[in-house]
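Okay, so here's the structure we're looking at.
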Amino acid sequence: MNILLETERLILREIVPTDEMALFLLDSNPNVHQYLGNNTVSSIEESRKYIENLKNQYAQNGIGRFAVVLKETNEMIGWSGIKFITEPENNHVNFYEIGYRFIEEHWGKGYGYESAKAWLDYGFNQMKIQKMYASTNKENAGSIKILKKIGMQQVSEFDWNGIPCYWFELENK
């Protein structure tokens, strides 16, 4: 896969094994997982397994979650991307979902919007995806704001593993 996206401040590239420490920092923080079921990782080995899973997604689906890197510092600050979901979620299966997750110190700086917008544009214009989906915990005001700002429409509510969530969709026109 040779996908590399750039925005004004960010580089979006494949996640590689050397990203394991940044992923561990991200996913071991309870605040990052507050709206995700509080399933933090407790070892670097879990981050390594996540990277292996991503490599499989890249190979199978040609897309997945990508590292978000600050151009200014070359620091990985989280991930963002399009994932092909093959498990049932809110009565949908085999669909493209846009998502993102950032290291806490980088919250509130517009990186979520910037990367999500880049992926939405890529999904619609390069991949020719007909409809993009996303979901978020009903209490995650930051994520709700990002999804609405990139144009996604909240169309329903559902329960994901005991977490009340909003379901968003946007059709490629």
Residues Glu171, Gln130; criterion side chain to side chain contact (heavy atoms under 4.5 Å, CB included); working and verdict: CA-CA 6 Å; Glu171 196 164 335; Gln130 289 306 302; 5.8 Å; no
State which residues pass salt bridge (Lys or Arg N to Asp or Glu O under 4.0 Å) with [X]; sequence neighbours excluded, sorted by chain then number.
X: Glu89; result: none
X: Glu52; result: Lys55
X: Lys71; result: Glu6
X: Lys117; result: Asp121

Side chains of [X] and [Y]: closer than 4.5 Å at any heavy-atom pair?
X: Glu169; Y: His92; value: yes
X: Leu170; Y: Tyr133; value: no
X: Asp19; Y: Arg13; value: yes
X: Val155; Y: Phe168; value: no

Qualifying ring pair (Phe, Tyr, Trp, His ring centres under 6.0 Å) pairs with a residue from residues 6-27, counting only residues at least two apart or across chains: none
Ring pair (Phe, Tyr, Trp, His ring centres under 6.0 Å) contacts in which one or both residues fall within residues 141-163, not counting sequence neighbours: Phe158-Trp167
Intermediate values then yes/no, side chain to side chain contact (heavy atoms under 4.5 Å, CB included), Met127 and Ile63: CA-CA 10 Å; Met127 297 176 66; Ile63 198 70; 4.0 Å; yes
Taking [Y] as the starting point, is it possible to reach [X] by hopping between hydrophobic residues whose side chains are less than 4.5 Å apart?
X: Ile51; Y: Phe102; answer: yes
X: Ile44; Y: Leu25; answer: no
X: Leu10; Y: Ile3; answer: yes
X: Tyr111; Y: Leu36; answer: no
X: Leu147; Y: Trp107; answer: yes

Pairwise salt bridge (charged side-chain N to carboxylate O under 4.0 Å, His left out) hits with a residue in residues 21-47, at least two apart: Asp27-Arg101, Glu45-Arg48
Salt bridge (charged side-chain N to carboxylate O under 4.0 Å, His left out) contacts touching residues 56-69 (sequence neighbours left out): Arg65-Glu97
Nearest 0.5 angstrom please: [X] [atom1] to [Y] [atom2], how far?
X: Ile163; Y: Thr136; atom1: CD1; atom2: OG1; answer: 10.0 Å
X: Met76; Y: Ile103; atom1: CE; atom2: CD1; answer: 7.0 Å
X: Phe124; Y: Lys173; atom1: CZ; atom2: NZ; answer: 10.0 Å
X: Ile85; Y: Ile82; atom1: CD1; atom2: CD1; answer: 11.5 Å
X: Ser143; Y: Lys145; atom1: OG; atom2: NZ; answer: 12.0 Å
X: Ser115; Y: Ile146; atom1: OG; atom2: CD1; answer: 7.0 Å

Donor-acceptor under 3.5 Å (Asn137 side chain, Cys165 main chain): no
Side-chain (Asn140) to main-chain (Tyr35) donor-acceptor, under 3.5 angstrom: no
Verdict with reasoning, Val69 to Asn74, per side chain to side chain contact (heavy atoms under 4.5 Å, CB included): CA-CA 6 Å; Val69 178; Asn74 205 34; 3.5 Å; yes
Pair listing, side-chain hydrogen bond (donor to acceptor under 3.5 Å, both in side chains) test, anchored in residues 146-156, at least two apart: Asn90-Ser156
Any side-chain donor near an acceptor of the partner, Asn29 and Glu104, under 3.5 Å: yes
Ring pair (Phe, Tyr, Trp, His ring centres under 6.0 Å), paired with Phe66, selected from Tyr100, Trp79, Tyr58: Tyr58
Nearest heavy-atom pair of [X] and [Y]: which atoms, and what distance?
X: Leu5; Y: Ala118; result: CD1-O, 4.1 Å
X: Val93; Y: Thr86; result: CG2-O, 3.1 Å
X: Asn172; Y: Ile129; result: ND2-O, 3.0 Å

Qualifying residues under side-chain contact (heavy atoms from CB on, under 4.5 Å), relative to Asp159, sequence neighbours excluded: none
Flag if over 12 foreign heavy atoms under 6.0 Å of CD, Glu75: yes
Heavy atoms of other groups near Lys49 NZ, more than 12 under 6.0 Å: no
Test log, rule side chain to side chain contact (heavy atoms under 4.5 Å, CB included), inputs Met132 and Leu120: CA-CA 8 Å; Met132 189 72 73; Leu120 184 67; 4.0 Å; yes
Listed partners of Tyr122 passing ring-ring contact (aromatic ring centres under 6.0 Å, His included), at least two apart: Trp119
Residues in side-chain hydrogen bond (donor to acceptor under 3.5 Å, both in side chains) contact with Glu114, at least two apart in sequence or another chain: Thr7, Arg9
